[in-house]
Undergrad: 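Next up is a structure, given as structure tokens.
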Amino acid sequence: MKSFCVTTPIYYVNDAPHVGHAYTTLHADITARWNRLKRNEVFFLTGTDEHGLKIAEAAEKLGISPQELTDSTSRRFKDAWDQLGIKYDDFIRTTEPRHIETVNAFTQKIYDAGYIVKDTWEGLYCISCESNYIESELENGMCPIHKRPVEKVKEDNYFFKLSQFEDRLLKFYEDNPKFIEPETKFNEALSFIKSGLKDISVTRSSFDWGITVPWDHSQVFYVWFEALINYVTALGYTSDPDRFNRLWPNTVHMIGKEITRFHCIWWPAMCMAAGINPPSKILVHGWLLVGGEKMSKTSLNKIDPVDLVDEFGLDQFRYLLVKGSPFGPDSEFSYEELKRRNNSDLANNLGNLLSRVLAVVNSKCDSITPKVDTDSILKPAADLAVESAKENWDNFSPANALESIWNLLRATNAYLETNEPWKGEPGDKVNKVLGDSLEVLRIAAVLISPVMPTSAAEILTRIGLTNYLDDVSLSDDLGWGQYPGGFEIKKDAPLFSRIK
RNA sequence: GGCGGCGUAGCUCAGUCGGCAAGAGCGCACGGCUCAUAAUCGUGAGGUCGCGGGUUCGAACCCCGCCGCCGCUACCA
């Protein structure tokens with residue numbers, strides 16, 4: 001059995017989950033479900049990132065401990081994922097003992113190999129902002145917000161010798177041209193490496209909400225350096241080496257473009273330093289834009305995914321979120337567009353196709369479904385949809401996979417229109433048309449199940465294939481001509497409602 | 001400033017190695033149908049493929065220039 005591991009970033013708990021978080025997580029969920037359908041061993045990891053100065057400060061403002069704050073926000077992410085039908089295999093929190101244990105082991109390994117050394121960090125600090133700046137952010141050497149001089153601050157920190165990995169990273173990129181997708185992000189990362197890498201300060205001594213450096217208890221790790229390690233923590237780096245070796249490095253990290261550098265430069269170098277292979281692939285996606293702007297807390301255009309689930313329904317939301325945009329570039333996200341696609345794709349094309357087929361089975365076949373004919377004008381369309389959907393699911397292109405399935409649905413609606421089974425006398429001709437249409441519903445339901453698991457199961461149940469998804473085989477069961485017929489249809493309300 | 005990307009029908013976008021008459025979905029218009037969730041089917045609109053040059057038998061795809069937008073350019077979750 002092949003193994004497949006997909007991760008989301010671990011989300012920083014200074015913000016409640018919004019549609020942007022849901023976007024990444026849903027893509028990972030769909031990919032995980034697709035691979036489960038392929039009967040691969042699947043491990044889908046998500047979680048929350050809980051250390052760092054910002055969390056400590058936020059907790060202080062609220063008058064609670066950082067742990068209390070992270071407990072409550074982490075819970076909100078878990079709740080949100082439950083409500084979005086996210087079926088993860090593990091939810092990691094960086095404050096858990098297993099992570100701290102792994103960070104200790106992983107960083108100790110890097111330290112022992114000589115890639116972490118003590119040095120002096122110099123930064124620019126604005127007393128009014130209470131935060132650090134880098135040279136390029138300053139305006140005339142002054143704090144850009146308060147227009148006053150910044151102070152030079154020094155701190156003895158431990159540095160990760162990123163500079164020593166330049167050549168190895170370049171070689172790795174050269175050997176793995178598909179390491180990062182899309183290609184533009186690969187090129188950005190590559191040119192960053194080529195421009196020369198500096199060592200990075202990876203510990204802090206000015207606050208203590210972090211993981212203590214095992215060889216120097218006066219310091220804690222900088223949150224990013226430690227957070228990346230979550231991926232190997234959860235796979236069993238320290239707790240289950242057998243499983244770790246099975247799943248790593250065959251792992252895909254899905255991330256938003258704002259955290260490309262950490263994942264594409266730091267993380268592979270850290271892996272090399274610790275003596276393991278870098279992950280197999282990093283998929284970088286763009287942002288959902290609302291009126292051309294990134295969805296964020298500060299621009300007040302943040303959308304709660306749970307609200308959209310309430311409005312459209314769970315599977316509808318899942319479909320609409322991934323259908324709207326290819327995984328990669330930024331894309332516009334608007335309520336009007338969601339509504340339009342809900343009505344046309346879901347209610348009209350798919351939901352109504354199911355309704356009309358079952359209505360005719362009811363009136364012409366006494367509610368007992370006919371079986372599919374082995375030869376059909378729809379067969380080529382179905383074969384094409386299966387082939388194309390498979391390829392696109394495998395290539396992390398859900399929007400394209402869905403498009404190919406919808407082409408089949410449209411062809412089937414046209415097929416019904418041409419043959420008008422509602423007009424014919426009960427008999428072979430009517431049975432054939434309906435059997436073929438039921439076969440399309442069977443195949444389409446399987447293909448959409450990663451995105452719409454509940455609706456897919458419901459479609460199958462209504463045509464008599466209860467629990468069909470539990471042991472369907474993608475390699476054996478998607479060929480044309482396998483719908484057996486002979487089932488009594490289950491009549492029910494429309495699958496998807498139109499929204500006005 | 002340096003490196004890179006984008007600009008294709010009203011909207012959202014496809015267009016692999018340059019080549020059959022520039023595509024899809026939605027929206028819109030007209031027509032058909034009435035089994036179905038006022039769903040569906042057919043047809044259509046006529047987009048200088050950002051602008052100007054060039055290479056080529058032939059370019060949306062290659063080269064040069066210009067305009068507009070955007071990304072990366074280190075320790076910001």
Side-chain angles (χ1 to χ4, degrees), chain A residues 9-15 21 48-55 121 123 131-137 157 159-160 162 182-202 204 222-225 227 255-262 265-266 286 292 296-297 323-326 329-334 336-337 339-341 343-364 399-400 402-404 406-407 410-424 430 433-434 437 493-499:
Chain A
I10 46 174
Y11 301 109
Y12 203 57
V13 291
N14 66 342
D15 195 7
H21 298 112
T48 45
D49 181 13
E50 311 191 354
H51 291 299
L53 184 59
K54 290 203 173 178
I55 302 296
W121 174 81
S131 67
N132 290 310
Y133 284 95
I134 56 171
E135 199 74 46
S136 59
E137 291 174 327
N157 289 149
F159 281 70
F160 175 54
L162 185 62
E183 199 180 348
T184 55
K185 294 300 168 194
F186 180 96
N187 291 336
E188 278 180 15
L190 186 59
S191 68
F192 183 85
I193 299 168
K194 283 181 175 165
S195 73
L197 297 177
K198 297 178 197 163
D199 297 339
I200 48 178
S201 160
V202 295
R204 301 289 125 101
Y222 170 58
V223 62
W224 257 115
F225 191 69
I255 63 169
K257 66 181 183 181
E258 71 282 5
I259 55 177
T260 305
R261 189 188 315 132
F262 301 106
I265 314 284
W266 289 26
S296 75
K297 204 177 198 171
K323 181 64 203 308
S325 58
D330 291 353
S331 58
E332 271 298 329
F333 181 85
S334 80
E336 287 307 313
E337 186 57 28
K339 222 163 57 177
R340 270 197 289 273
R341 279 202 305 272
N343 291 348
S344 72
D345 296 359
L346 296 179
N348 297 355
N349 290 343
L350 176 56
N352 184 57
L353 174 63
L354 178 67
S355 294
R356 68 195 304 210
V357 169
L358 294 188
V360 184
V361 170
N362 178 48
S363 65
K364 299 288 180 184
N400 290 336
L402 291 169
E403 186 57 30
S404 66
W406 255 256
N407 285 336
R410 280 186 282 268
T412 307
N413 272 317
Y415 174 69
L416 286 169
E417 208 68 31
T418 306
N419 291 286
E420 303 182 306
W422 47 87
K423 277 187 174 172
V430 166
V433 175
L434 293 174
S437 304
L495 201 56
F496 307 112
S497 339
R498 292 175 56 80
I499 292 173

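Because the structure is predicted, anything quoted here is derived from the model rather than measured. Numbers restart at 1 for each chain; the letters A, B, ... are given by sequence-line order, proteins then strands.
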Undergrad: Answer yes or no: is there a donor N or O on one side and an acceptor on the other, between the side chain of A:Asn157 and the main chain of A:Val202, under 3.5 Å?
TA: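 No, A:Asn157 side chain to A:Val202 backbone: no donor-acceptor pair under 3.5 Å.
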Undergrad: With rounding to the closest Å, how many angstrom separate the C1' atoms on B:rU12 and B:rG27?
TA: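 Going atom to atom, C1' in each nucleotide, I get 11 Å.
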Undergrad: Once you apply the 3.5 Å cut-off to both distances, tell me the Watson-Crick or G-U wobble partner of B:rA24, or none.
TA: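 By the stated definition (distances under 3.5 Å), B:rU12 pairs with B:rA24.
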Undergrad: Rounded to the nearest angstrom, tell me the gap between atom NZ in A:Lys185 and atom C1' in B:rC6.
TA: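 One finds 12 Å between C1' of B:rC6 and NZ of A:Lys185, rounded.
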Undergrad: Taking any strand in view, what nucleotide pairs with B:rU37 in a Watson-Crick or G-U wobble way, both distances under 3.5 Å?
TA: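 Its partner: none found.
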Undergrad: Distance check, C1' atoms only: B:rC49 and B:rA9, in whole angstrom units.
TA: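 After rounding to an integer number of Å, I get 10 Å for this pair.
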Undergrad: Of the options B:rA36, B:rG42, B:rA74, whose atoms approach the side-chain atoms of A:Ala414 most closely?
TA: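 Taking heavy atoms from C-beta onward, the closest nucleotide is B:rG42.
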Undergrad: Check every strand shown and say whether A:Phe225 touches a base, only sugar-phosphate, or nothing at a heavy-atom separation below 4.0 Å.
TA: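 Result for A:Phe225 = nothing.
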Undergrad: Using the C1' atom in both, what is the distance from B:rG58 to B:rG19, to the nearest Å?
TA: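 Roughly 6 Å separates the two C1' atoms.
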Undergrad: Could you check whether A:Ser195 gets within reach of a base, just the sugar-phosphate, or nothing at all, counting any heavy atom under 4.0 Å?
TA: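 Answer is nothing: A:Ser195 stays at 4.0 Å or more from every strand.
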Undergrad: Expressed as a whole number of angstroms, how long is the span from A:Asn407:CG to B:rG25:C1'?
TA: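 Atom CG in A:Asn407 sits about 9 Å away from atom C1' in B:rG25.
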Undergrad: If you pin A:Tyr415 and A:Asp199 to their nearest nucleotides in RNA chain B, which one's is more 5'?
TA: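 Of the two residues, A:Tyr415 wins.
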Undergrad: Could you please name the partner base of B:rC30, counting Watson-Crick and G-U wobble pairs only when both distances are under 3.5 Å?
TA: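 Pairing partner: B:rG42.
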Undergrad: Work out how far the C1' atom of B:rA22 is from that of B:rG5, and round it to whole angstrom.
TA: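 B:rA22 and B:rG5 have their C1' atoms separated by 23 Å.
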Undergrad: Rounding to an integer number of angstrom, what distance separates B:rA60 and B:rC17 when you compare their P atoms?
TA: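 About 16 Å, rounded to a whole number of Å.
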Undergrad: Tell me: CG of A:Leu190 to C1' of B:rC72, nearest whole Å?
TA: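 Going from A:Leu190 (CG) to B:rC72 (C1'), I get 12 Å.
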Undergrad: Classify the nucleic acid contact of A:Ser201 as base, sugar-phosphate or nothing, counting any heavy atom under 4.0 Å across all strands shown.
TA: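 Base: the residue A:Ser201, judged by heavy atoms under 4.0 Å, touches a nucleobase.
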Undergrad: What's the CG-P distance between A:Asn400 and B:rU16, to the nearest Å?
TA: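 About 13 Å, once rounded to whole Å.
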Undergrad: Tell me, do A:Tyr12 and A:Val223 make a side-chain contact under 4.5 Å, heavy atoms counted?
TA: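 Of all side-chain heavy-atom pairs linking A:Val223 with A:Tyr12, at least one is under 4.5 Å.
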Undergrad: Phosphate oxygens OP1/OP2 of B:rU34: is one of them under 4.0 Å from a side-chain N or O of A:Lys423?
TA: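 Yes.
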Undergrad: Return the value, rounded to whole Å, for the distance between atom CZ of A:Arg341 and atom P of B:rC11.
TA: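 The distance from CZ of A:Arg341 to P of B:rC11 comes to 16 Å, rounded to the nearest Å.
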Undergrad: Does the A:Asn14 side chain pair with the main chain of A:Ile55, one donor and one acceptor, at a distance under 3.5 Å?
TA: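 No, the answer is negative, given that no donor and acceptor are paired below the 3.5 Å cut-off.
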Undergrad: Which part of the nucleic acid, if any, lies within reach of A:Arg340 when heavy atoms closer than 4.0 Å are counted: base, sugar-phosphate only, or nothing?
TA: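 The answer is sugar-phosphate, as A:Arg340 gets under 4.0 Å only of primed atoms, P, OP1 or OP2.
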Undergrad: In whole Å, I'd like the distance from the NZ atom of A:Lys364 to the P atom of B:rC35.
TA: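 Between P of B:rC35 and NZ of A:Lys364: 9 Å.
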Undergrad: Indicate, with a heavy-atom threshold strictly under 4.0 Å, whether A:Lys194 touches base, sugar-phosphate, or nothing.
TA: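 Nothing: the residue A:Lys194, judged by heavy atoms under 4.0 Å, touches no strand.
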Undergrad: Mind checking if A:Ile265 touches a base, just sugar-phosphate, or nothing, with heavy atoms under 4.0 Å?
TA: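 No contact.
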Undergrad: Using whole Å, report how far CG of A:Asn348 lies from P of B:rU34.
TA: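 Roughly 19 Å, once rounded to whole Å.
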Undergrad: Looking at the side chain of A:Trp121, which of B:rG71, B:rA77, B:rC75 is the nearest nucleotide?
TA: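 Looking only at heavy atoms from C-beta outward on A:Trp121, the closest nucleotide is B:rC75.
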Undergrad: Could you tell me how far B:rU34 sits from B:rU48 if I compare only their C1' atoms? Round to whole Å.
TA: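 Those two atoms are separated by 44 Å.
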Undergrad: Describe the nucleic acid contact of A:Gly286 in one word from base, sugar-phosphate, nothing, applying a heavy-atom distance below 4.0 Å.
TA: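 If one applies the 4.0 Å heavy-atom cut-off, A:Gly286 turns out to touch nothing in the nucleic acid.
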Undergrad: So if I take every side-chain heavy atom of A:Arg204 and compare against B:rU40, B:rC33, B:rC76, which nucleotide ends up nearest?
TA: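 For the A:Arg204 side chain, the nearest candidate turns out to be B:rC76.
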Undergrad: Measure from the side-chain N and O atoms of A:Tyr222 to the backbone N and O of A:Gly52, and report whether any donor-acceptor pair falls under 3.5 Å.
TA: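 Not a single qualifying donor-acceptor pair exists.
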Undergrad: Reading RNA chain B from 5' onward, which residue's closest nucleotide shows up sooner: A:Val360 or A:Leu197?
TA: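 So the residue in question is A:Val360.
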Undergrad: Please confirm whether any donor atom in the side chain of A:Asn352 sits under 3.5 Å from an acceptor in the base of B:rA39, or the reverse.
TA: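 There is none.
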Undergrad: Using Watson-Crick or G-U wobble geometry with both distances below 3.5 Å, tell me the partner of B:rG4, or none.
TA: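 Partner of B:rG4: B:rC70.
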Undergrad: Give me the distance, rounded to whole Å, that separates B:rU8 from B:rG15 when you measure between the C1' atoms they each carry.
TA: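 It works out to 9 Å between them.
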Undergrad: When all nucleic acid strands are considered with a 4.0 Å heavy-atom cut-off, which category describes A:Leu354: base, sugar-phosphate, or nothing?
TA: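 The answer is nothing, as A:Leu354 stays clear of every strand by at least 4.0 Å.
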Undergrad: How is A:Ala359 classified with respect to the nucleic acid when contacts are heavy atoms under 4.0 Å: base, sugar-phosphate, or nothing?
TA: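 Sugar-phosphate, no base atom in range.
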Undergrad: Quick one: does any side-chain atom of A:Lys364 pair with a main-chain N or O of A:Trp422 as donor and acceptor, under 3.5 Å?
TA: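 Side chain of A:Lys364 to backbone of A:Trp422, a donor-acceptor pair under 3.5 Å: yes, one is there.
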Undergrad: Per the side-chain contact (heavy atoms from CB on, under 4.5 Å) rule, which among A:Asn352, A:Leu350, A:Asp345 passes with A:Phe496?
TA: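 For A:Phe496, the side-chain contact (heavy atoms from CB on, under 4.5 Å) check succeeds only for A:Leu350.
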Undergrad: Given the P atoms of B:rG47 and B:rC70, what is the spacing between them in whole Å?
TA: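 Rounded to whole Å, the distance is 28 Å.
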Undergrad: Do A:Glu403 and B:rG25 have a side chain to base donor-acceptor pair shorter than 3.5 Å?
TA: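 Looking at the base of B:rG25, it does not pair with any donor or acceptor on the side chain of A:Glu403 (distance under 3.5 Å).
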Undergrad: Who does B:rG19 pair with, Watson-Crick or G-U, both distances under 3.5 Å?
TA: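 Across all strands, the one nucleotide that pairs with B:rG19 is B:rC57.
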Undergrad: Nearest to the A:Asn413 side chain among B:rC41, B:rG5, B:rA74, which nucleotide is it?
TA: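 That would be B:rC41.
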Undergrad: Rounded off to whole Å, could you give me the CG-to-P distance for the A:Asn187 and B:rC72 pair?
TA: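 Computing the A:Asn187:CG to B:rC72:P distance gives 15 Å.
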Undergrad: Which label fits A:Tyr11 and A:His21: parallel for a plane angle under 30°, tilted from 30 to 60°, or perpendicular past 60°?
TA: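 Ring orientation, 0 to 90° scale: perpendicular.
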Undergrad: Run the salt bridge (charged side-chain N to carboxylate O under 4.0 Å, His left out) check on A:Arg410 and A:Glu403 step by step: do they pass?
TA: CA-CA 10 Å; A:Arg410 280 186 282 268; A:Glu403 186 57 30; 2.9 Å; yes
